[in-house]
**Q** 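One structure, pasted below without further comment.
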Amino acid sequence: MKPLERLTEDEFAEVVRHAVAMPNAPDAMIRAAVALFPDPSKPTAADRGRRVAAAIRAVLTFDSWGLAPLAMAVRSMPSDTRHLLFSAEGRDIDLRIRPSATGFELAGQILGPDETGTIELNGASQHVAELDELGGFRLDGVAPGRYQATLRLADAIVELASIDVGGRAP
């Protein structure tokens with residue numbers, strides 16, 4: 001048989017008529033052939049590997065409840081608001097935990113490169129908030145307990161150390 005680009009119009013029409021007249025392949029063969037190509041809607045092992053490699057563990061660099069009282073004065077009185085600061089690869093995550101009418105409120109801001117994404121809080125309850133245009137977020141109605149916070153950003157996943165939400169231990 002001649003290559004397709006060398007066929008005359010009549011010869012090409014005959015090849016097409018012959019191809020159209022052929023029966024379809026068995027369904028099992030079609031499924032096997034389709035399975036040879038990756039589904040673009042499903043992440044591949046390489047995609048999952050890149051996401052794992054992009055996961056960053058944030059380090060707690062400041063905890064207001066971890067400070068020893070520096071002076072026995074009015075300014076050294078304990079506060080119900082807890083201030084935490086985490087650092088991760090050029091980003092600082094400022095987090096404040098304070099009592100609210102519906103439990104506790106966690107509010108904060110991602111300081112560093114312009115970021116878009118979400119913060120997820122998983123533990124006694126689950127909460128998700130979108131970051132605003134300044135990297136700020138607010139989660140309200142958080143029940144007391146231990147939580148894992150994860151930032152899902154455009155180019156990375158940042159995991160914060162476990163956070164205890166609730167009153168100060170006696």
**Q** Looking at CD of Glu130 and OG1 of Thr116, how far apart are the two atoms once the value is rounded to the nearest 0.5 Å?
**A** 9.0 Å

**Q** Going through the distances and angles, do Leu134 and Ile110 end up as a side-chain contact (heavy atoms from CB on, under 4.5 Å)?
**A** CA-CA 8 Å; Leu134 298 175; Ile110 312 303; over 6 Å; no

**Q** Could you list all the salt bridge (charged side-chain N to carboxylate O under 4.0 Å, His left out) pairs where at least one residue sits in residues 134-144, not counting sequence neighbours?
**A** Glu105-Arg138, Arg138-Asp140

**Q** Walk me through it: do Ile163 and Ile97 pass the test side-chain contact (heavy atoms from CB on, under 4.5 Å)?
**A** CA-CA 10 Å; Ile163 302 167; Ile97 305 170; 3.6 Å; yes

**Q** Check the pair Thr150, Leu160 against side-chain contact (heavy atoms from CB on, under 4.5 Å), reporting the backbone distance first and the verdict last.
**A** CA-CA 6 Å; Thr150 304; Leu160 280 59; over 6 Å; no

**Q** Using the rule given for side-chain contact (heavy atoms from CB on, under 4.5 Å), can you reason through Ile157 versus Leu151, listing the C-alpha separation, both sets of side-chain angles and the distance that settles it, and then say yes or no?
**A** CA-CA 6 Å; Ile157 298 171; Leu151 294 165; over 6 Å; no

**Q** Heavy atoms, side chains only, cut-off 4.5 Å: are Gln109 and Leu95 in contact?
**A**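 The answer is no; the side chains never approach within 4.5 Å.
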
**Q** Using 0.5 Å steps for rounding, measure from the CZ atom of Phe104 to the CZ atom of Arg82.
**A**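 Result: 10.5 Å between the selected atoms.
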
**Q** Between Ser125 and His127, does any side-chain donor sit less than 3.5 Å from a side-chain acceptor?
**A**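 Yes, side-chain donor-acceptor contact under 3.5 Å.
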
**Q** Please give me the minimum heavy-atom distance between Leu121 and Ala149, naming the atom from each residue.
**A** CD1-CB, 3.9 Å

**Q** Mind checking whether Ile93 and Leu111 have side chains closer than 4.5 Å, heavy atoms only?
**A**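 Sidechains of Leu111 and Ile93: no contact.
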
**Q** For Glu120, give me all partners under side chain to side chain contact (heavy atoms under 4.5 Å, CB included), at least two apart in sequence or on another chain.
**A**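 Glu120: side chain to side chain contact (heavy atoms under 4.5 Å, CB included) contacts with Thr118, Asn122, Val128, Arg152.
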
**Q** So which heavy atom on Pro99 is nearest to which on Asp80, and how close?
**A**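 In terms of heavy atoms, the two residues are closest at CD-O, 3.6 Å.
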
**Q** Got a second to check how far Ser162's OG is from Gln148's CD, nearest 0.5 Å?
**A**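 So the gap between those two atoms works out to 5.0 Å.
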
**Q** Might you point out which heavy atoms bring Ala143 and Val165 nearest each other, and give the distance in Å?
**A**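 Nearest heavy atoms, Ala143 then Val165: O-CG1, 4.1 Å.
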
**Q** Should the heavy atoms of other residues, nucleotides or ligands under 6.0 Å from CD of Glu89 be counted, would the total exceed 12?
**A**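 Atom CD in Glu89 is not packed in, count stays at 12 or less.
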
**Q** Calculate, to the nearest 0.5 Å, the distance between atoms CD and CZ belonging to Glu14 and Arg17 respectively.
**A**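 Taking CD in Glu14 and CZ in Arg17, the distance rounds to 4.5 Å.
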
**Q** Between Met22 and Val16, is there a shared hydrophobic cluster once you connect ILVMFWY residues whose side-chain heavy atoms come closer than 4.5 Å?
**A** no

**Q** Search all heavy atoms of Pro144 against all heavy atoms of Gly166 and return the closest pair with its distance.
**A**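 Closest approach of Pro144 to Gly166: CB-CA, 4.3 Å.
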
**Q** Working to the nearest 0.5 angstrom, can you tell me the gap between Asp63 CG and Phe86 CZ?
**A** 8.0 Å

**Q** Can you tell me how far apart CG (Leu85) and OG1 (Thr61) are? Round to the nearest 0.5 Å.
**A** 3.5 Å

**Q** Return the set of residues passing salt bridge (Lys or Arg N to Asp or Glu O under 4.0 Å) with Arg57 (not counting sequence neighbours), or none when no residue passes.
**A**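 Scan of Arg57 (salt bridge (Lys or Arg N to Asp or Glu O under 4.0 Å), adjacent residues dropped) gives none.
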
